[in-house]
Each structure stands twice: as structure tokens, then as C-alpha cells.
Amino acid sequence: MPLWNAFTGQELVTLPHNHIVKCADFVDDDATVVTGSQDKSVRIFDVTRPDQSSTVIAHSAPVRSVKWSRHRHVAVSAGDDRRINILDLRAPTAVKSLDVGDDISNISLTSDGRILSCASGKRILMWDMDAFKMVKDFAMDYEVSVAAVNPQRTRIVTGGKSDLLIRNCDFGSGKELEVHKGHHGPVHDASFSPDGEVYATGSEDGTVRLWQSNPGTAYGLWQLRKI
């Protein structure tokens, strides 16, 4: 799996795997990467020594999504075995396991790492990462491919698995607030900027799109013109 310089596009290093890599995330210092693979394992790499990785057998099926919790200093992985596992990468197996009971499309953590969200079938599930207690369980009327919560915990951005729509929902009630079109393929990931003003969505159509949380305001790439 290659890593690139985000500014120049130059390839920096290749992290060796024996199977397909389906997901990855940076650890606290950004010199360490955690990956999830088709071979059911989660690996942690020091990018300065890519040939010396540590491996955790995380699931009984391929790993679909992996995130690093800066709050708990653990990796969180979701597999095709319908489980979410909490991984202390110093241990050979999971230290905590959550049974979702349905196929998992994606997991996401808030920027402070305290809320874990999961898109599973037509449900959005959320857990408090301090107590590993479920705090939200929203039933939607569409297949959810991704669910991400903004830093202010007022909104949830979701992707539709078949209708390809991006929806903004209320964090408290799950009620739909906005619907956006733009992607031409399933959306596989979403993430908010640290201030919550912008969110990005990544799709099977080969694009990453940036969206304003508050359209019509001046911010970054979006500048208002006087007429």
C-alpha cells in the first residue's frame, strides 16, 4: 500500500501486505499507520521502517474499516463477521468486541474520538467510547453506506448505498434535514474538518467531494462575491 505526499503527490513509501488492503488510518504521530486487510488482520506500520509491522488477527472475516481512536489510544475495526473490535495493538487479539448483528458498511469516530458511529443495513448505531455503551440507534428508510458525526454533535452526514445521495440528519433525533446530489457511485467514507464547517465524502465514482456544512457562507474555497 503506497503513501503519498498530500501536497506534491509524490509517493513516499510502500507498506507491504500479502493481501488486499481495504482501509487505513494514521495514528497520533502521523508517522504510524494502521491498516485493515482482506486477510482478516489489522497491521500497524512505522512508516520509517515499513518492513517491520505488527499484526493483530482482528476478525474471522475480512476487515472492512479501521479507525484510530486518539481518545482511547486503540484501533477500532469492523469486519465482515458483523463485529466491531477494540484493539490494543500491543495485544494479539481484541480486548473488546461489539456484536452489530447485521452487515457493516462503515465505521467512523468523532474528531475527539468519544463517539463511534456505524452504518449497518438501514440503521445508524453509535457508542460512547468511554463506557462502550450504545447511545443512539436510528432506523432509516434507506440502506446506509456511511455515517459521520460533526465535532459539535449536532449533525450526522450519511451516504445512501443505492440512491447515491448525501443526507444531513439531526444528531438528536435522526431526522433528515438536507439532501444533496453529486456522486455517481456508492459513497464509502465521510469525514468532517476539525471545525465542522466542511465535510468530505469519498465515492466509488473515483472522486472526493467537499461540502459546506452551512452553504452560502464564506469559508476557504467558498468566497462570496459582491454584485
Side-chain angles (χ1 to χ4, degrees), residues 1 3 15 17 19-28 32-45 53 55-89 93-129 132 134 136-138 140 143-150 156-162 166 183 185-192 199-205 208:
M1 185 190 81
L3 294 181
L15 307 179
H17 288 78
H19 219 299
I20 297 169
V21 180
K22 305 190 77 172
C23 47
D25 196 12
F26 282 101
V27 180
D28 298 331
T32 309
V33 175
V34 61
T35 66
S37 174
Q38 187 79 11
D39 66 5
K40 311 173 190 177
S41 70
V42 168
R43 287 180 171 85
I44 185 165
F45 289 89
S53 65
T55 303
V56 178
I57 303 302
H59 292 271
S60 60
V63 180
R64 178 167 292 273
S65 184
V66 65
K67 304 292 182 184
W68 178 256
S69 170
R70 289 167 172 81
H71 172 56
R72 292 297 300 265
H73 301 288
V74 294
V76 184
S77 64
D80 287 342
D81 54 5
R82 300 182 172 185
R83 304 192 73 85
I84 295 174
N85 288 336
I86 311 301
L87 308 169
D88 181 335
L89 296 176
T93 57
V95 297
K96 180 77 174 179
S97 187
L98 306 171
D99 186 4
V100 175
D102 201 350
D103 291 342
I104 300 170
S105 297
N106 184 273
I107 58 171
S108 178
L109 286 164
T110 50
S111 57
D112 62 6
R114 292 180 180 272
I115 297 292
L116 169 68
S117 57
C118 170
S120 175
K122 292 185 177 182
R123 297 166 69 200
I124 298 173
L125 310 171
M126 297 186 197
W127 289 267
D128 180 315
M129 282 292 289
F132 299 114
M134 186 179 290
K136 302 283 185 183
D137 184 352
F138 294 129
M140 315 305 282
E143 292 279 340
V144 186
S145 62
V146 63
V149 177
N150 68 345
I156 311 166
V157 166
T158 74
K161 184 172 286 188
S162 57
I166 302 297
H183 285 295
V187 177
H188 292 306
D189 211 350
S191 183
F192 279 91
Y199 58 93
T201 55
S203 168
E204 201 170 297
D205 63 13
V208 173

Residues two or more places apart in sequence or in another chain: which of them pass side-chain hydrogen bond (donor to acceptor under 3.5 Å, both in side chains) with H183? T201, D205, T207
Return the minimal non-hydrogen interatomic distance between [X] and [Y], and the atom names on each side.
X	Y	value
D81	S60	OD2-N, 3.1 Å
A147	I124	CB-CG2, 3.8 Å
F132	L98	O-CD2, 4.4 Å
S145	N106	O-CB, 3.3 Å
R83	H59	O-CE1, 3.2 Å
W68	F26	CB-O, 3.6 Å

Would C118 and I104 count as a side-chain contact (heavy atoms from CB on, under 4.5 Å) if you check the C-alpha gap in whole Å, the side-chain angles of each, and the deciding distance to 0.1 Å? CA-CA 7 Å; C118 170; I104 300 170; 3.8 Å; yes
Counting distance only, does the side-chain N/O of [X] pair as donor-acceptor with the main-chain N or O of [Y] below 3.5 Å?
X	Y	value
H17	L15	yes
S69	A75	no
S203	G185	yes
D39	S41	yes

Is the closest side-chain heavy-atom distance between [X] and [Y] below 4.5 Å?
X	Y	answer
M126	I156	yes
R82	D102	yes
V42	V34	yes
L87	S77	yes

Under the criterion salt bridge (Lys or Arg N to Asp or Glu O under 4.0 Å), I'd like the reasoning laid out for K67 against D25: C-alpha separation, chi angles, the key distance, then a yes or no. CA-CA 6 Å; K67 304 292 182 184; D25 196 12; 5.7 Å; no
Enter the distance from [X]:[atom1] to [Y]:[atom2] here, rounded to the nearest 0.5 Å.
X	Y	atom1	atom2	result
D128	I115	CG	CD1	5.5 Å
R72	K96	CZ	NZ	10.0 Å
C23	D189	SG	CG	9.5 Å
H188	K161	NE2	NZ	9.0 Å
S120	D103	OG	CG	7.0 Å
H71	R114	NE2	CZ	4.0 Å

Walk me through it: do S105 and V144 pass the test side-chain contact (heavy atoms from CB on, under 4.5 Å)? CA-CA 8 Å; S105 297; V144 186; over 6 Å; no
side-chain contact (heavy atoms from CB on, under 4.5 Å) partner of L116, the single match among V149, I84, T110, L125: I84
Just do the side-chain contact (heavy atoms from CB on, under 4.5 Å) check on S37 and V63 with the steps written out, would you? CA-CA 5 Å; S37 174; V63 180; 5.9 Å; no
Check against side-chain contact (heavy atoms from CB on, under 4.5 Å), Y199 and N150: CA-CA 8 Å; Y199 58 93; N150 68 345; over 6 Å; no
